Amino acid sequence: MLRRQFLHLTGLSSTGLLLSGCGASYLADVAGTLTEPFNQKIEELLLKPQTPVPELPISQIEPEQLLINTFGFTPKIDPAKYRLTIDGEVNHPLQLSLDEIYKLPFRSMVIRHVCVEGWAAIVQWGGVPLRELIQLAQPKDGAKYVYFQSADRYYESWDMTSCLHPQTLMAYQKNGEPLPIDNGAPLRLAAPIKLGYKQSKWVTRITVKSQLLRNQGYWEDQGYEWFAGL
Amino acid sequence: MTSDSVERQPVRLPKLPKQAILAKTFHWINVVSVFIMLTSGLQIYNANPVFGGRQGMHIFPLFTLGGWLAGGRDWHFAAMTLFALNLLWYGLYILVTRRWKHRFVGGNDVKALQVGRNEKRKAYAWHRIVYTAIVPILLLAIFTGIGMYKPAQFYWIVDAFGGWEALRIVHFMTVPAIIGFAIAHSLLALKVGGTQLIESMFW
């Protein structure tokens, strides 16, 4: 069990004790619930949907800084059998093999990967822009959200605007090498505009939705902020 | 001295210090919001200590707010708007009322420290220097905080500090700066005006 989960479950810690006996996490939830809608509006306003975030020189890549964070286990995926499913509110649901994905337009970027924990690493990611995949599937009118299912049962949901950002990639390359399994091979989300926990690894299924479901993401359902824009 | 002789003294009411209601309002909101920012910030710090990473020294839980990382972030992002807007309106207020001219450090304080012989006046000069100096530190906390909150949109803030790690360190260093300030500010206020001055700022 992660230390933070332990602290969360035990309710151990906190100035909350000093503020009240209600339990610090509960009060934090209230504070978050009251202010997050407003903060999310600001985040959406700040996001420039089609403007790429300035990229960094290759010489600044920090291979040692990128820590491996996984909520559970590391799934083993046979690349030959792997299929990416794209479905949901689309006119043209489809399944793609890795070879088919490799033939789609490729984009490389050197960006800052920022973790919710506070650390950051400059990384090169290469892959297919997510918007290419979404366009292939032809989303229906009113498609506003996208869900990502991973082989390790991690799940995430994004707003469509961020998915269509030119630097939101389904990446299969890291720092010029094929994506390592620990970093999410064969296919993972990578984008400079969202915190690390939004960037699912080992993605097997992309589902377009018109509504956000009750389950919004593995960490979001435990209290993390949903939009998590950078 | 007997109680009798005390009663015969002519009654001289001391002139109690008074503060403008808006100054008190600012001070209260600032104290509360900075307290939340600081303790929730230390909670966030514990997820990955700025110094030493996961192996680094963690802040004792008594001084942290939120219970875990998400709770700390909830508090931090709830209080940031309050903290920043409070500082903003106060800034406008001291500009409009020209309080900045006579309520903050000025040339007369420097002169008092350099050539003055009045110890009380010197303490007062120090008091004004200290509470004036905290203003740019509070602004720096906001500026670096915006850079960390939205580093992709405000990449130029990250660049201005030469990178993420430096930005993080500067943002964190506002914590010891504010704690040091709070101690010095309280002690100097006590020295300059006693508990009466301190109470006048709160009630």
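Everything numeric here is computed off the predicted structure, so don't read it as measured data. As a basis for the values below, the full set of heavy atoms in this structure was taken, side chains included, without hydrogen atoms, waters or symmetry mates. Every chain is numbered from 1, with letters handed out A, B, ... down the list of sequences.
- Shortest non-hydrogen contact noted between A:A31 and B:A78 is O-CB, 3.7 Å.
- The local environment of CH2 in B:W100 is sparse, with at most 12 non-hydrogen atoms from other residues, nucleotides or ligands closer than 6.0 Å.
- Only the side chain of B:F154 comes within less than 4.5 Å of a heavy atom in chain A; its backbone stays farther off.
- Looking at A:I42, neither its backbone nor its side chain comes within 4.5 Å of chain B, counting heavy atoms on both sides.
- Scanning all heavy atoms of the two residues, the minimum distance from A:L46 to B:Q153 falls at O-OE1, 3.1 Å.
- Here the side chains of B:T81 and A:T35 are not in contact, with every heavy-atom distance at 4.5 Å or above.
- Here B:A152 is the residue among B:S40, B:G53, B:P49, B:A152 with the most heavy-atom pairs under 4.5 Å with chain A.
- Side-chain contact between A:Q222 and B:W68 is present, with heavy atoms from C-beta onward closer than 4.5 Å.
- Looking only at heavy-atom pairs under 4.5 Å with chain B, the residue among A:L195, A:T33, A:L56, A:L230 that has the most is A:L230.
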Dump the intermediate steps for side chain to side chain contact (heavy atoms under 4.5 Å, CB included) on A:L67 and B:N48, then the final yes or no. CA-CA 11 Å; A:L67 305 181; B:N48 187 279; 4.0 Å; yes
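- Residue A:I111: no heavy atom, backbone or side chain, is found under 4.5 Å from chain B.
- Within 6.0 Å of CG on B:L85 lie more than 12 heavy atoms contributed by other residues, nucleotides or ligands.
- Around atom NZ of B:K191, no more than 12 heavy atoms belonging to other residues, nucleotides or ligands sit under 6.0 Å away.
- In this structure, the side chain of B:K150 does not engage the main chain of A:E43 through any donor-acceptor pair within 3.5 Å.
- For the pair B:L69/A:Y224, a side-chain contact is recorded, criterion being any heavy-atom separation below 4.5 Å from C-beta on.
- Ranking B:G72, B:A79, B:A70 against chain A, the residue ahead of the rest is B:A70, based on heavy-atom pairs under 4.5 Å.
- Atom CG of A:L213 sits in a crowded spot, with more than 12 heavy atoms from other residues, nucleotides or ligands closer than 6.0 Å.
- Under the 4.5 Å side-chain criterion, counting only non-hydrogen atoms from C-beta, B:W75 is in contact with A:L27.
- Taking a 6.0 Å sphere around NZ of B:K122, one finds it holds more than 12 heavy atoms contributed by other residues, nucleotides or ligands.
- Using a distance-only test at 3.5 Å, with no hydrogens or angles considered, a donor-acceptor pair links the side chain of B:R168 to the main chain of A:G118.
- Interface check for chain A: of the options B:R54, B:M148, B:H76, B:E165, the most heavy-atom pairs under 4.5 Å are formed by B:R54.
- Atom NZ of B:K120 has 12 or fewer heavy atoms from other residues, nucleotides or ligands within 6.0 Å.
- Annotation for A:Q50: atom CD counts as buried by contact number, over 12 foreign heavy atoms lying within 6.0 Å.
- From B:D74, atom CG reaches atom CD of A:E225 across 8.5 Å, with rounding to the nearest 0.5 Å.
- Here the side chain of A:N39 pairs a donor or acceptor atom with the backbone of B:F77 at under 3.5 angstrom.
- Contact of A:Q65 with chain B is not made at all, since no heavy-atom distance falls under 4.5 Å.
- Heavy-atom neighbours of B:Y149 OH from other residues, nucleotides or ligands within 6.0 Å: above the threshold of 12.
- Using a 4.5 Å cut-off between heavy atoms, B:V50 makes no contact with chain A at all.
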